[in-house]
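Here the structure comes first, spelled out in structure tokens, and everything after it is commentary.
FYI, the numbering just counts along the sequence from 1.
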Amino acid sequence: MTRLELPSTQQISAVLTDQELTVHARLIWTYLVVADQPQNGRSLAAALGMATNTVSGCMGVMRERGLVRRLNGTWIPEVPR
């Protein structure tokens, strides 16, 4: 997903109502979708007031599920599959 390719309402709803994701993971994914630029783990933790280990754990789960990908040390959101 590029910055110009925002997810649809249905795709956003699917992530926000996914009970297998923690509230933290859903918040991080939503923040990445609306962020002006890709974020790294530290910048996400600082912006969202979370511990870096919380962000790191969430990113691992979301990466496994195809909701984020890593690019040049930053996290890029992906639309749900």
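Note on residues 49-61: no pairs pass salt bridge (charged side-chain N to carboxylate O under 4.0 Å, His left out), not counting sequence neighbours. Within the structure, side chain to side chain donor-acceptor pair (under 3.5 Å) pairs that include any residue of residues 12-22 comprise Asp18-Arg65 (at least two apart or interchain).
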Name each donor-acceptor pair under 3.5 Å that joins a side chain in residues 51-61 to protein atoms two or more places apart or in another chain, with its distance.
none

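The cationic atom of Arg69 (NZ for Lys, CZ for Arg) does not lie both less than 6.0 Å from the six-membered ring centre of Trp75 and within 45° of the ring axis.
Formation of a donor-acceptor pair under 3.5 Å by the Arg26 side chain with backbone atoms of Val15 is not found in this model.
With a 4.5 Å cut-off on side-chain heavy atoms, Pro38 and Leu71 do not count as touching. Under the 4.5 Å side-chain criterion, counting only non-hydrogen atoms from C-beta, Ile12 is not in contact with Thr30. Using a 4.5 Å heavy-atom cutoff, the side chains of Ile76 and Arg70 are not in contact. No side-chain heavy atom of Thr74 sits less than 4.5 Å from a side-chain heavy atom of Gln39.
Other residues, nucleotides and ligands contribute at most 12 non-hydrogen atoms within 6.0 Å of the CZ atom of Arg42.
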Side chain to side chain contact (heavy atoms under 4.5 Å, CB included) between Leu67 and Leu32, intermediate numbers included: CA-CA 10 Å; Leu67 294 174; Leu32 285 172; over 6 Å; no
Determine, step by step, whether Leu48 and His24 satisfy the side chain to side chain contact (heavy atoms under 4.5 Å, CB included) criterion, reporting the C-alpha distance in whole Å, the side-chain angles of both residues, the deciding distance to 0.1 Å, and the verdict. CA-CA 9 Å; Leu48 299 172; His24 292 105; over 6 Å; no
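Remark: Asn40 CG to Asn72 CG distance equals 12.0 Å, nearest 0.5 Å.
When every heavy atom of Glu78 is checked against every heavy atom of Trp29, the shortest pair comes out as O-NE1, 3.1 Å.
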